Amino acid sequence: MSRSLSPLQTERLILRPFERSDAEALFEYQSREDIARYHFWEPRSLEDIHKKLDDWIPMTSLEGEGTHASAICLAEDGRLIGDLSLCVTDAEAGQAEIGFSLNPEFQGCGYAFEAASAYLQFGFEQRKLHRIFGRCDARNTGSWKLMERLGMRREAHFREHALFKGGWDEEFYYAILAREWQSFPDRALQMEAKPVLAGGE
Ligand SMILES: CC(C)(COP(=O)(O)OP(=O)(O)OC[C@H]1O[C@@H](n2cnc3c(N)ncnc32)[C@H](O)[C@@H]1OP(=O)(O)O)[C@@H](O)C(=O)NCCC(=O)NCCS
């Protein structure tokens, strides 16, 4: 039987697999121009989101390459406030990319930090990854500041290396190694995350 990711619990959040009933809450922020601005996609319709859910709902495998995708929900009332993904790009070399978005109504409260910390912990301690990286547009201050708060290092700044949404793209790469995560000074903060694995260890 293949193992799958079940909910991760942090102090204020539950990170759980997507469900069909998440469409409206995802539409609330993924339909916004400011959320889509630095993603490769354009603001999504409800129909687009239903189609994407066909892909996201099964993204729970703990084996090989592929993506874990989670809804970020408030522990107190279950409200979906964002989404998070960890895409294992090279299972043998333990490489994975992290991605995140929050409904603007819930930004500025440390929720993305709390959720991403739990995913880094899960990636390094459960999946035994070696390096987790993130990419963002250099103008996406919210994203690169979050990666710096997570203890990720800026590894690259690609200048005008591609065309993106009608202009030159300026891209930052950030990354953190497993051993850097182990010694990250704020790691104590992140120990609130309690991963629960389905399918047995
Ligand atoms: C990237 C994104 C998820 C970051 O969200 P965020 O809410 O700014 O990130 P955090 O959870 O780390 O919150 C940090 C802010 O909360 C504040 N905060 C309040 N309480 C906090 C707490 N308990 N812990 C940590 N930070 C806290 C921090 O001071 C910080 O505020 P500041 O940015 O004014 O300094 C958000 O900007 C987003 O969804 N952007 C649009 C989608 C997107 O571009 N995604 C990335 C594509 S590459």
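Quick caveat: nothing in here was measured; it's all calculated off a predicted structure. Whatever order the structure lists ligands and atoms in, that order sets their numbers, starting from 1.
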Note to self: Going by a strict under-4.0 Å cutoff (protein heavy atoms only), does atom 12 (O) of ligand 1 have a neighbour on the protein?
What the structure shows: yes
Check: Centres of the Phe100 and Tyr119 rings: under 6.0 Å?
Finding: no
Check: For ligand 1, does Asp137 get within less than 4.0 Å through its side chain, its backbone, both, or neither, judged by non-hydrogen atoms?
Finding: neither
Next item on the list: Using distance alone, determine whether Gly142 and ligand 1 share an N or O pair under 3.5 Å.
Entry: no
Note to self: At less than 4.0 angstrom from any non-hydrogen atom of Arg135, what atoms of ligand 1 do you find?
What the structure shows: 48 (S)
Item checked: Part of Ser101 with heavy atoms under 4.0 Å of ligand 1, whether side chain, backbone, both or neither -> both
Notebook entry, point to check: ligand 1 and Tyr38, any nitrogen or oxygen pair closer than 3.5 angstrom?
Noted result: no
Next item on the list: Can you measure from CD (Gln95) to CD (Glu65) and round to the nearest 0.5 angstrom?
Entry: 10.5 Å
Next item on the list: Note the single closest protein heavy atom to atom 45 (N) of ligand 1, along with its residue, its atom name and the distance in Å.
Entry: Phe100 O, 2.8 Å
Checklist line | Distance-only polar pair, side chains of Glu114 and Thr10, donor-acceptor under 3.5 Å | finding: yes
Next item on the list: Would you check if the distance from the ring center of Tyr173 to the ring center of Phe158 is below 6.0 Å?
Entry: yes
Check: Can you check whether Ser143 has an N/O within less than 3.5 Å of an N/O in ligand 1?
Finding: no
Checklist line | Heavy-atom protein neighbour under 4.0 angstrom from atom 5 (O) of ligand 1 | finding: yes
Next item on the list: Consider every N or O of Leu146 and every N or O of ligand 1, then say whether any pair is closer than 3.5 Å.
Entry: no
Checklist line | Within reach of ligand 1, part of Leu102 (heavy-atom separation under 4.0 Å) | finding: both
Margin query: Are there over 12 heavy-atom neighbours, none belonging to Glu92, within less than 6.0 Å of that residue's CD?
Written below: no
Check: Should we say atom NZ of Lys165 is surrounded by more than 12 heavy atoms from elsewhere, each under 6.0 Å from it?
Finding: yes
Check: Quick one: nearest non-hydrogen protein atom to atom 38 (C) of ligand 1, plus distance?
Finding: Gln107 NE2, 3.3 Å
Checklist line | Minimum-distance protein heavy atom relative to atom 44 (O) of ligand 1 | finding: Asn140 ND2, 2.8 Å
Check: For atom 21 (C) of ligand 1, what is the nearest protein heavy atom, given as residue, atom name and distance?
Finding: Cys109 O, 3.3 Å
Item checked: Check ion pair Arg153-Glu148 (N to O, under 4.0 angstrom) -> no
Item checked: Backbone or side-chain N or O of Cys136 under 3.5 Å from ligand 1 N or O -> no
Notebook entry, point to check: Any side-chain donor paired with an acceptor under 3.5 Å for Tyr29 and Asp34?
Noted result: no
Notebook entry, point to check: For ligand 1, which part of Glu114 has a heavy atom less than 4.0 Å away: the side chain, the backbone, both, or neither?
Noted result: neither
Check: Do you see a donor-acceptor pair shorter than 3.5 Å between the side chains of Asn103 and Gln30?
Finding: no
Check: Could a heavy atom of Lys145 be found less than 4.0 Å from some atom of ligand 1?
Finding: no
Check: Counting only non-hydrogen atoms of the protein, does one fall under 4.0 Å from atom 32 (P) of ligand 1?
Finding: no
Notebook entry, point to check: For the side chain of Asp90 and the backbone of Ala93, is there at least one donor-acceptor N/O pair under 3.5 Å apart?
Noted result: yes
Notebook entry, point to check: What is the closest protein heavy atom to atom 35 (O) of ligand 1, and at what distance does it sit?
Noted result: Arg149 NH1, 4.1 Å
Checklist line | Connected via hydrophobic side-chain network under 4.5 Å: Tyr174 and Leu102 | finding: yes
Margin query: Suppose we measure from atom 43 (C) of ligand 1 to each protein heavy atom; which comes out shortest, and what is that distance?
Written below: His39 NE2, 3.6 Å
Next item on the list: Determine, stepwise, if the pair Asp54 / Arg20 fulfils salt bridge (Lys or Arg N to Asp or Glu O under 4.0 Å).
Entry: CA-CA 8 Å; Asp54 291 340; Arg20 181 59 55 191; 2.5 Å; yes
Next item on the list: May I ask whether atom 28 (C) of ligand 1 is less than 4.0 Å from at least one protein heavy atom?
Entry: no
Item checked: Protein contact to atom 41 (C) of ligand 1 [nearest heavy atom, distance to 0.1 Å] -> Ile35 CD1, 3.7 Å
Margin query: So for ligand 1, is Gly110 a polar contact partner (N or O within less than 3.5 Å, distance only)?
Written below: yes
Note to self: Could you check whether Arg79 pairs with Glu105 (Lys NZ or Arg NE/NH1/NH2 to Asp/Glu carboxylate O, under 4.0 Å)?
What the structure shows: yes
Next item on the list: Could you pull out, from Ala36, Ala112, Pro104, Gly108, the option with a heavy atom nearest to atom 7 (O) of ligand 1?
Entry: Gly108
Next item on the list: Verify whether the ring centers belonging to His68 and Phe122 lie closer than 6.0 Å.
Entry: yes
Checklist line | Which segment of Phe113 sits under 4.0 Å of ligand 1 when only heavy atoms are counted | finding: both
Note to self: Can you tell whether the side chains of Glu33 and Arg37 come within less than 4.0 Å, N to carboxylate O?
What the structure shows: no
